[in-house]
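When a residue number appears, it is its place in the shown sequence, counting from 1. Keep in mind the model is a prediction, meaning the values are calculated, not measured. Ligands are counted one by one from 1 in listed order, and the atoms in each one are counted from 1 as well.
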Amino acid sequence: MLGGRRIVLGVTGGIAAYKAVLLCRLLVDAGAHVIPVMTESAQKFVGRATFDALASEPVRTSIFDDVDPIPHTTLGQTADLIVVAPATARCIGSYASGISDDLLTAILVATRAPVVVCPAMHTEMWEHPAIQENLKTLVDRGVIVVPAEEGRLAGGDAGAGRLAAPETIFDAVKGVLIAGDLQGRKVLVTAGGTREAIDPVRYVGNRSTGKQGYAVAEAALARGADVTLISTVTMETSAGIEVVAVESARQMHEAVLERAEADVIVMAAAVADFRPTDISDSKIKKNEGLPEVLLEETADILTDLGGAKRPGQVIVGFAAETDDLIAHAKQKLERKNIDVIVANDVSAPRVGFAHETNEVTILEADGCQRHVSLRSKRQIADEVLNTVIQILAR
Ligand code: CTP
């Protein structure tokens, strides 16, 4: 997910330095190339051997005893991101004032890469106006500050100032790195279950709520895409997403094909496979006897898209299954000639329709297969888009 991205992990001297070890692990596991830079005092809290063993390169500590005569500029120029965790009051003060009094602050001043600062200190220091003003200065300059949290502090104290959890910092880093990776791309997403009218008041429908599709649209927008969402349901969306309201499979089919030039198409909608052959113009009355509803097949939108796929375009389908998940998903991937299928077992707890969470397996046409364990639909959306990005880059 962070494949090959160069991240300088700055560690300064605070009791929370041990959490930087966990952060280092998360970043390396996500594929990042992590270069640890420790200050003098950080080494009093965590041994450099720990980072030497876990990170992608040995620890750097000084401008002067490095093989590279200008390690600060080299690291500052080549980093995709710099994260400082924990960031002490001294480090924040130096950075805000532009003082480069050690390797880490020299890198911070010498870089144009995005910087994520994660403060950690005692409550009295955290609340000191000088610290808050320094942080505000950094935020005004575009630095991302992951605020300190409340909790246990050194020396048995408790209060505000505790370093954010490694997972929170990891998410912030990931958010910054993936922020623009769909810049300039047109992404078309469908969401919700279609409604196939029987008469003016009744319809044949399904249990889809559209949450996963909306999450994909929001995630794509956050990554810089130009997003159109074709949906059967109305939910709040960020300004910037163009929403096209449809109801039936036929309307969705038309709306999608009109916009089929998109770079990426994600069919998260649950499109009806069958619709009533005839729609009664007036409400069918009970006293007219039992109505007979004949069904006919709808056109398969993905099959049409897959048949007309242009080079470089990425088409993603979803497969909501209750049994033989992977086998059914693979068949759909091939039959519809698409690039990715996101398979979810809708009979599993907290998975699929109406839930806030989902658990999926992402299958690619080249045979790659990746299981994504239970997490929020937004996180699933980002995982799907990570796969899309990888395919677009090939
Ligand atoms: N889909 C579509 N057009 C349809 C039906 C489905 O584009 N008329 C898309 C869905 O949006 C989804 C994928 O196809 O991305 C798989 O849908 P699903 O209903 O699971 O598969 P079907 O091909 O309809 O097969 P079955 O219902 O037999 O499982």
With heavy-atom distances below 4.0 Å as the criterion, list the atoms of ligand 1 near [X].
X: R335; result: 23 (O), 25 (O)
X: T298; result: 8 (N)
X: A269; result: 10 (C), 11 (O)
X: G317; result: 15 (O)
X: A272; result: 8 (N)

Look at [atom] and say which protein heavy atom is nearest, naming residue and atom and giving the distance to 0.1 Å.
atom: atom 7 (O) of ligand 1; value: L302 N, 2.9 Å
atom: atom 13 (C) of ligand 1; value: F318 O, 3.0 Å
atom: atom 3 (N) of ligand 1; value: I301 N, 3.0 Å
atom: atom 8 (N) of ligand 1; value: A299 O, 3.0 Å

Do any nitrogen or oxygen atoms of [X] lie less than 3.5 angstrom from nitrogen or oxygen atoms of ligand 1?
X: V271; result: no
X: A270; result: no
X: A319; result: no
X: M267; result: yes
X: D273; result: yes

Below 4.0 Å from any atom of ligand 1, is there a heavy atom belonging to [X]?
X: A268; answer: no
X: K336; answer: yes
X: A249; answer: no
X: H253; answer: no

Worksheet item: Are side-chain N/O atoms of Q379 and S376 paired as donor and acceptor at under 3.5 Å?
Response: yes
Could you tell me whether [X] and [Y] have a side-chain N and a carboxylate O separated by less than 4.0 Å?
X: E364; Y: R394; result: yes
X: R223; Y: D382; result: yes
X: D263; Y: R310; result: yes
X: R90; Y: D102; result: yes

When you measure from the side chain of [X] to the backbone of [Y], do you find a donor-acceptor pair of N or O atoms at a distance under 3.5 Å?
X: R259; Y: A255; result: yes
X: R162; Y: A160; result: no
X: D66; Y: P71; result: no
X: Q212; Y: A268; result: no

Practice prompt. Enumerate the residue pairs fulfilling side-chain hydrogen bond (donor to acceptor under 3.5 Å, both in side chains) with a member in residues 243-257, sequence neighbours excluded, ordered by first and then second residue.
Written response: H253-D304
Response to the item:
Residues passing the side chain to side chain contact (heavy atoms under 4.5 Å, CB included) test with V67, sequence neighbours excluded, are none
Worksheet item: With respect to I198, which candidate in D278, I284, I279 satisfies the side-chain contact (heavy atoms from CB on, under 4.5 Å) definition?
Response: I284
Worksheet item: Heavy-atom distance from atom 11 (O) of ligand 1 to the protein below 4.0 Å?
Response: yes
Practice prompt. Could you check which of Q331, R250, R275, K332 puts a non-hydrogen atom nearest to atom 20 (O) of ligand 1?
Written response: K332
